[in-house]
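Structure, as structure tokens:
In what follows, chains carry the letters A, B, and so on, assigned in the order in which the sequence lines appear, proteins first and then strands, with residues in each chain numbered from 1.
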Amino acid sequence: MDWNAWITLFEGAWVTLWISGISIALGIVAGFGVAVLRNARIPVISKFLYYYISIIRATPMVTLVLFLFVTAPYLPIDIDRWIIAVAALTINTTAFNAEIWRSALATFSREQVEAAKAAGMTRRVMLRRIMLPQMMITSLPGLVNEMTLLIKSSPAIAMVGLADLTRITNRITAVTYEPLPPILAAAALYILMIGALVRLQRVADKYARRLAM
Amino acid sequence: MNLQDWLTVWINIDRVALGFGVTVLFFAFATVTAFIGGCILVYLMEGRPSFLKTSLRSGLDVLRTLPFLIVLYLLYYGLPQVGIRLNAWTAGMIALSLYHASYYAEILRGARVALPQGQIESAKAHGFTSFRMYYRILLPQMVLRSGPLFGNQLVGCLKDTAFLSIITIFELTAAANDLQAVYFIPMPAFIVVIALYWCISLVVEQALRSMGRYAKHRGLSYE
Amino acid sequence: MNEVLPVIEVRDLHKSFDGVEVLKGIDFDVNRGQIISIIGSSGSGKSTLLRCINWLEEPDSGSIRIVGDRVGIRADGKTPMSEKELASVRARAAMVFQSFNLWPHLSVLHNVTEAPVHVQGVNKDEAIAQAEVWLERVGMLVKKDAYPWTLSGGQKQRVAIARALAMNPEVILFDEPTSALDPELVGEVQGVIGELAADNFTMVIVTHEMDFARTISNEVVFIDKGVVVEQAAPEKFFGDPDTERLRQFVSRYR
């Protein structure tokens with residue numbers, strides 16, 4: 001692989017990174033909202049969210065991306081392909097994050113809730129000041145794990161024509177006629193990205209366990 | 001989205017059924033081979049650490065940090081460069097089995113580490129050799145204890161089959177795309193296909209729930 | 001089988017853990033029909049000795065024979081046994097553990113038939129018939145279809161004893177069989193072991209229970225700091241010990 005090929009490869013890596021990054025950020029926040037909403041047990045909404053999570057859990061990323069891509073033209077506005085990619089990744093990761101947040105909510109210490117209520121906190125204040133800071137730490141290992149799963153399924157965004165780190169190898173091969181080097185180089189970059197997250201997960205695990213003591 | 005569109009899906013249900021069959025076939029084949037592969041891999045890593053065992057473990061660790069599609073690319077697009085030409089089906093089967101075997105190995109290894117040492121000693125004291133001990137005494141417990149983790153893995157494997165459409169295999173997602181491209185009915189086509197994926201996942205979950213009940217009956221309830 | 005050979009013959013056994021010598025040259029014989037209790041403070045090496053006999057721990061030097069056959073080392077005296085050879089020697093000395101170690105995924109009956117069928121190659125129906133006989137003896141036949149988690153500690157240990165008996169071993173090694181039990185359950189397990197003693201099963205029992213050792217054994221062995229300090233019949237052992245160390249040890253348990 002020559003220098004140009006490497007630059008092309010890094011461009012692909014960048015596409016993977018920023019599309020995944022935005023989706024991860026959106027998905028963590030939206031997942032929290034879904035979890036809190038589900039916890040509120042509002043009749044219709046709760047049922048709807050249950051099915052949303054159950055169905056998305058089973059829908060392949062490729063299928064979801066394609067689905068949004070082929071239905072988007074029927075909407076009255078023009079939608080950029082990167083928005084479709086981000087939307088698909090976010091819809092997917094939100095469902096998984098919601099489950100992670102929900103289990104953190106469900107296992108949150110009752111004693112602390114009572115202490116907060118006894119101190120005269122409203123539900124909102126308690127959620128923001130007492131629960132969220134602790135839940136962020138206990139949920140972090142699960143959230144980071146979900147980030148790695150998201151990046152591993154992100155090659156599906158090639159379906160909308162975005163050249164991510166996996167698809168870009170085809171473009172390099174089209175010039176060099178040697179498929180193996182770019183694929184191996186892409187694999188190495190994935191190992192770097194996901195390896196870093198796995199390491200982060202271990203650190204997060206250690207912190208979470210310390211809090212549980 | 002009107003009745004006409006749904007009827008079009010119904011008329012072409014054989015295409016959907018074909019895609020469904022291919023997806024189920026890949027899913028079932030990969031589940032069986034990956035599970036058996038995982039069991040064998042954990043057995044190979046039993047006992048005192050050696051260079052080979054450590055390298056095997058690092059190899060599996062690396063495999064698990066890769067996206068499935070890049071493994072598929074490696075087999076389907078990469079290997080021909082060194083003279084190994086696999087057709088799409090073979091590459092798909094091998095990639096799916098190999099990739100998920102590394103995950104099953106990791107799940108089972110976790111359960112293996114948690115088994116009490118006394119189990120192993122009593123098996124040794126009763127004259128079990130290591131292979132027999134592994135598959136008669138250790139493996140059944142490891143499997144029964146790993147139930148919920150298998151659930152995620154099975155659904156993960158199901159979802160990875162959709163990547164096979166990228167290397168031209170006509171599976172369920174390819175069928176949906178085919179229908180929408182020919183008849184311009186994206187909504188019904190994809191809704192039917194997503195519903196089918198969902199059904200498979202519900203069946204898988206139901207199966208695991210029965211396995212959980214069985215494990216509980218045997219006192220191996222998992223936390 | 002040669003009646004003259006001791007069932008277990010231990011010679012000059014040494015074993016260290018991380019540089020600390022736990023066994024410092026043990027000589028020890030068990031003859032057919034003998035019931036030998038091994039007594040000693042915790043850390044004296046008594047459990048290690050038992051675990052060396054069936055090679056759960058590998059001794060550093062010395063020899064162990066079960067009815068004349070070396071354990072762990074081939075007849076040439078230096079090559080370690082293959083796993084298969086070791087397994088078949090081990091099966092001749094069954095072991096009952098402090099923590100029962102039943103296999104949780106198998107029913108009571110299958111815990112007992114597992115090794116006969118899958119190690120010794122006994123026909124399945126025959127193994128089941130045999131297992132039922134042994135379970136009857138330890139009073140656990142009614143629970144044959146139960147799984148271990150539903151049993152009390154005493155019941156688990158009785159199943160573990162049936163499991164050991166089912167292998168038709170030359171000797172049964174008991175590693176503190178009642179230490180993990182609640183006090184009210186100790187009696188039922190001791191009762192079962194006592195019945196086996198009355199039938200002249202060859203047994204080696206590592207225990208803390210002095211009264212049990214006194215009533216059940218033909219001989220009691222006192223191990224202290226990795227050596228056999230004294231070995232005698234129970235009356236002499238508890239009534240008129242030769243050494244000061246044993247005298248002190250025994251008096252502490254009065």
Side-chain angles (χ1 to χ4, degrees), chain B residues 35 39 42-50 53 107-108 110-150 208 210-223, chain C residues 47 50-51 53-57 81-108 110-121 145-151 156 159-160 163-169 172-175 180:
Chain B
F35 176 73
C39 294
V42 175
Y43 178 69
L44 294 178
M45 293 185 286
E46 277 276 308
R48 288 186 193 143
S50 65
K53 287 173 190 170
I107 292 171
L108 291 170
R112 172 66 184 82
V113 171
L115 281 187
Q117 182 63 21
Q119 294 292 315
I120 297 135
E121 289 200 339
S122 72
K124 277 188 190 165
H126 284 78
F128 281 88
T129 53
S130 71
F131 178 66
R132 247 163 231 259
M133 172 167 80
Y134 180 71
Y135 91 91
R136 297 282 321 170
I137 307 288
L138 305 181
L139 193 56
Q141 297 186 57
M142 284 151 59
V143 171
L144 287 176
R145 279 171 201 262
S146 307
L149 295 171
F150 287 149
L208 281 168
S210 350
M211 180 174 139
R213 268 200 295 276
Y214 180 69
K216 205 166 187 180
H217 168 61
R218 292 194 157 196
L220 295 167
S221 62
Y222 23 70
E223 250 59 65
Chain C
S47 279
L50 205 66
R51 293 162 57 81
I53 290 175
N54 66 1
W55 222 253
L56 286 180
E57 302 288 358
M81 278 185 162
S82 74
E83 220 204 323
K84 255 211 162 98
E85 294 165 322
L86 191 56
S88 79
V89 176
R90 270 177 176 148
R92 299 173 71 185
M95 191 156 187
V96 174
F97 294 84
Q98 179 177 349
S99 49
F100 333 124
N101 298 347
L102 293 183
W103 297 311
H105 62 302
L106 299 174
S107 68
V108 163
H110 288 125
N111 259 280
V112 180
T113 59
E114 181 70 17
V117 173
H118 295 281
V119 174
Q120 296 175 320
D145 295 319
Y147 282 93
W149 67 285
T150 61
L151 306 180
K156 281 183 195 161
V159 173
R163 180 174 71 170
L165 286 167
M167 303 181 64
N168 287 316
I172 308 176
L173 312 172
F174 291 86
D175 188 6

Answer with side chain, backbone, both or neither: which region of [X] has an atom nearer than 4.5 Å to a non-hydrogen atom of chain B?
| X | value |
| --- | --- |
| M167(C) | side chain |
| A93(C) | backbone |
| Q98(C) | neither |
| L102(C) | backbone |

Open item on the list: Within the 3.5 Å criterion, strictly below it, is a donor on S130(B) or E83(C) matched to an acceptor on the partner's side chain?
Closed with: yes

Measure the [atom1]-[atom2] distance between [X] and [Y] for me, rounded to the nearest 0.5 Å.
| X | Y | atom1 | atom2 | result |
| --- | --- | --- | --- | --- |
| D175(C) | S122(B) | CG | OG | 12.5 Å |
| E85(C) | T129(B) | CD | OG1 | 12.5 Å |
| I137(B) | H118(C) | CD1 | NE2 | 8.5 Å |

State, to 0.1 Å, how close [X] and [Y] come at their nearest heavy-atom pair, and which atoms those are.
| X | Y | value |
| --- | --- | --- |
| V119(C) | G127(B) | CG1-O, 3.2 Å |
| F97(C) | A125(B) | CZ-CB, 3.8 Å |
| G118(B) | N101(C) | O-ND2, 3.0 Å |

- [ ] For E114(C) and F128(B), run side-chain contact (heavy atoms from CB on, under 4.5 Å): C-alpha distance rounded to whole Å, both residues' side-chain angles, the deciding distance at 0.1 Å, then the answer.
- [x] CA-CA 10 Å; E114(C) 181 70 17; F128(B) 281 88; 3.5 Å; yes

Heavy-atom side-chain contact between [X] and [Y] under 4.5 Å:
| X | Y | result |
| --- | --- | --- |
| W103(C) | H126(B) | yes |
| Q141(B) | P104(C) | yes |
| E121(B) | R51(C) | yes |

- [ ] Using a cut-off of 6.0 Å, state whether more than 12 heavy atoms not belonging to K84(C) lie near its atom NZ.
- [x]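 No, not enclosed.
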
Task: By ring pair (Phe, Tyr, Trp, His ring centres under 6.0 Å) - contacts of W55(C) (at least two apart) - done: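 W55(C) satisfies ring pair (Phe, Tyr, Trp, His ring centres under 6.0 Å) with no residue once adjacent residues are dropped.
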
Open item on the list: Can you tell me which portion of R136(B) sits under 4.5 Å from chain C's heavy atoms? Options are side chain, backbone, both or neither.
Closed with: both

